[in-house]
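Since the structure comes first, as structure tokens, the remarks are kept for the end.
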Amino acid sequence: MGPIKSLWAMVQGDPVFMRRVNGWLAIFWIVMIPLSLMMGWLDSVVYVSALSLWALVSGHWSAWQAARVEVAQAEDAKRREKEDLVAEVVEALLARTNVEPAGSLSPGRLESTK
């Protein structure tokens, strides 16, 4: 069961693969529309039931995928809100240069700058 779970996790985590699979499935079902009409499969209750089940499964799967993306975006937004990017940039500049923060000037030096 371990390899199947790791394969499933890999497939779920690869948006390029998922886009390709969904693209090919869309093409497959577009081709199946006229084929189903020509073969008379639409008169079969079993065929229409199978199509309905597939529609339910694929619809819920796509909604689940969209919800996963929204959750990831919300978590990313929360993480960005917590970050203080300006303070990090200032700290990095102070660490790499000899610039001193304005509050660290000595009193004698303040008088000489006036």
Side-chain angles (χ1 to χ4, degrees):
M1 196 69 168
I4 293 173
K5 282 188 177 183
S6 63
L7 178 64
W8 180 251
M10 182 183 73
V11 166
Q12 292 295 312
D14 188 3
V16 174
F17 177 78
M18 293 302 293
R19 188 180 66 220
R20 287 181 181 157
V21 166
N22 288 320
W24 282 110
L25 284 172
I27 291 169
F28 171 77
W29 286 111
I30 289 170
V31 169
M32 286 299 291
I33 292 170
L35 183 65
S36 300
L37 287 169
M38 288 187 298
M39 300 295 285
W41 292 341
L42 293 178
D43 295 330
S44 167
V45 174
V46 173
Y47 181 74
V48 173
S49 297
L51 283 179
S52 296
L53 288 173
W54 172 250
L56 283 170
V57 169
S58 64
H60 285 292
W61 189 20
S62 63
W64 176 62
Q65 292 290 341
R68 285 181 56 226
V69 169
E70 288 179 7
V71 167
Q73 288 175 342
E75 289 172 354
D76 189 40
K78 284 181 184 176
R79 190 180 75 245
R80 286 185 183 172
E81 284 178 3
K82 290 180 181 178
E83 292 177 353
D84 189 6
L85 187 58
V86 174
E88 290 176 14
V89 170
V90 169
E91 287 175 15
L93 284 173
L94 291 175
R96 293 182 184 179
T97 63
N98 60 357
V99 176
E100 296 176 4
S104 67
L105 292 175
S106 64
R109 199 164 165 197
L110 278 174
E111 293 172 4
S112 64
T113 58
K114 290 183 181 176

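Only this structure's heavy atoms are used, side chains among them; waters, hydrogens and symmetry mates stay out. Here, residue 1 is the first one in the sequence, and each next residue gets the next number.
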**Report entry** Interatomic spacing from CD in Gln73 to CD in Glu75 - rounded to 0.5 Å
**Finding:** 11.0 Å
Query - Single-linkage hydrophobic cluster Leu35~Tyr47, side-chain heavy atoms < 4.5 angstrom - result: yes
Report task. For the pair Val71 and Arg68, evaluate side chain to side chain contact (heavy atoms under 4.5 Å, CB included) and give the outcome as yes or no after the intermediate values. Result -> CA-CA 5 Å; Val71 167; Arg68 285 181 56 226; 5.8 Å; no
Pair up each side-chain donor or acceptor in residues 23-32 with any protein partner under 3.5 Å, not counting sequence neighbours, and list the distances.
none

Query raised in the report: What's the shortest heavy-atom distance between Ala55 and Ser58, and which atoms?
Result: O-OG, 3.3 Å
Report task. Starting at CG of Asp76, measure out to CD of Glu81 and round the result to the nearest 0.5 Å. Result -> 10.5 Å
Query - Common cluster, Leu51/Val45, ILVMFWY with side-chain heavy-atom separation under 4.5 Å - result: no
Query raised in the report: Hey, any chance Met39 and Leu37 share a hydrophobic cluster, counting ILVMFWY side chains that come within less than 4.5 Å of each other, even indirectly?
Result: yes
Query raised in the report: Taking side chain as C-beta onward, heavy atoms only, is Leu94 less than 4.5 Å from Glu91?
Result: no
